[in-house]
Amino acid sequence: MKLFLDSANVDQIREVWELGILDGVTTNPTLVAQQGRAFLDVLKEILDIVDGPVNAEVVATEAEAMVEEGERLAELSKNVVVKIPMTKDGIKAVSLLSKRKIHTNVTLCFSAAQALLAGLAGATYVSPFMGRVDDIDWDGVELVADIAEVYHKQGIETQILAASCRHPLHVTQAAAAGADVVTMPYEVFEKLFHHPLTDIGLKRFLDDWEKAKAVLGGIQ
Ligand code: G3P
């Protein structure tokens, strides 16, 4: 399973990219608006950092305008994935863009039926929003598992990009449920590294080494 960062913050993206374990980035209009900078400037900077899929969302709502916007975004780099909302116009736009070999991600997916439509339209990715499903007291991870089952049985190649990830458990549960990608905010990514027993264990190793060093000498 691949890890994407759900962020439009170039400092965060650069830091995580340098770890060597990041595969791509997802943005959305909310995340870009939070940066208070021109969309295309932010997007170009992300594309300069990340050598992998970079998702940029259209803001048009009619199919023809979505396609136009998507084509303009795709011209920036082969790594651009055009994110399109799960509407009737969105599905039409995805069908047209995928025929033109432009990578797409159907976003705001909340049911296996919607994911089926995205798959039939030839989307590269579909984004079930786990956290927002949990927010209404349904099960976001179960949604990922349902989509994985439908795609597997129907031979649909669209990749499941589990989004709206709120905590580390979402990451591992989505992986077990069959997600191809999980995208997560910087804060969740950061949490994946930490475990109190790692901190306690490392402190103990270093304390023991300090004590022994006084008697036995250092490494050299
Ligand atoms: O990019 C879509 C997404 O991951 C949204 O997450 O936390 O706003 O539901 P959230």
Side-chain angles (χ1 to χ4, degrees), residues 1-13 16-17 22-37 39 42-43 45-47 49-50 52-61 66 69-70 73 79-87 90-91 93-94 103-112 114-115 117-118 123-148 158-175 177-192:
M1 193 191 72
K2 292 175 188 156
L3 297 185
F4 284 14
L5 196 66
D6 199 21
S7 172
N9 179 313
V10 287
D11 294 329
Q12 290 178 351
I13 294 168
V16 178
W17 179 256
L22 188 66
D23 296 291
V25 165
T26 49
T27 66
N28 62 40
T30 306
L31 293 171
V32 175
Q34 282 164 1
Q35 302 308 306
R37 299 174 51 206
F39 173 48
V42 175
L43 184 58
E45 265 187 60
I46 299 172
L47 287 163
I49 300 167
V50 176
V54 174
N55 286 249
E57 189 160 338
V58 300
V59 285
T61 51
M66 285 174 169
E69 226 179 290
L73 291 170
N79 282 338
V80 166
V81 176
V82 181
K83 239 174 133 178
I84 307 241
M86 175 56 232
T87 60
I91 288 299
V94 169
H103 296 303
T104 54
N105 174 359
V106 173
T107 188
L108 291 167
C109 172
F110 292 95
S111 74
Q114 290 180 325
L117 298 178
T124 318
Y125 302 95
V126 67
S127 290
F129 275 35
M130 298 182 292
R132 293 194 197 180
V133 172
D134 292 353
D135 288 344
I136 57 160
D137 206 18
W138 288 5
D139 188 336
V141 172
E142 203 172 292
L143 170 61
V144 173
D146 287 348
I147 297 171
T158 299
Q159 295 180 54
I160 303 169
L161 192 162
S164 185
C165 172
R166 303 278 169 80
H167 44 70
L169 197 55
H170 264 157
V171 179
T172 48
Q173 287 180 330
D180 300 285
V181 183
V182 176
T183 189
M184 70 205 78
Y186 179 84
E187 295 68 29
V188 174
F189 202 90
E190 187 64 27
K191 283 181 187 163
L192 294 181

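All ligand and atom numbering here is 1-based and tracks the order in the structure.
Atom 3 (C) of ligand 1 has as its closest protein heavy atom Asp6 OD2, 3.3 Å. The shortest contact between atom 2 (C) of ligand 1 and any protein heavy atom is with Phe129 CZ, 3.3 Å. In terms of protein heavy atoms, atom 8 (O) of ligand 1 is closest to Arg132 NH2, 2.8 Å. Among all non-hydrogen protein atoms, the one lying nearest atom 6 (O) of ligand 1 is Ser164 CA, 3.3 Å. For atom 7 (O) of ligand 1, the closest heavy atom belonging to the protein is Arg166 NE, 3.2 Å.
Here the rule is side-chain contact (heavy atoms from CB on, under 4.5 Å) with Met66, and of Val59, Thr87, Val82, Val94 only Thr87 fits it.
Here the side chains of Thr107 and Asn28 are not in contact, with every heavy-atom distance at 4.5 Å or above. No side-chain heavy atom of Leu161 sits under 4.5 Å from any side-chain heavy atom of Asp180. Two residues are said to be in side-chain contact when any heavy atoms from C-beta on lie closer than 4.5 Å; Gln12 and Glu187 meet this criterion. Side-chain contact between Trp17 and Ile49: present, with at least one pair of heavy atoms (C-beta onward) separated by less than 4.5 Å.
Contacts of Lys83 with ligand 1, taken as heavy-atom pairs under 4.0 Å, involve the side chain alone.
Ligand 1 places these atoms under 4.0 Å from at least one heavy atom of Ala163: 4 (O).
Proximity of Glu57 to ligand 1 is not established, as no heavy-atom distance is less than 4.0 Å. Residue contact annotation: Thr26 has no non-hydrogen atom under 4.0 Å from ligand 1.
Applying the side-chain contact (heavy atoms from CB on, under 4.5 Å) criterion to Leu143, with sequence neighbours excluded, gives Pro128, Val133, Ile147. In this view, Ala174 and Met130, Ala162, Ala179, Val182 satisfy the side-chain contact (heavy atoms from CB on, under 4.5 Å) rule, not counting sequence neighbours.
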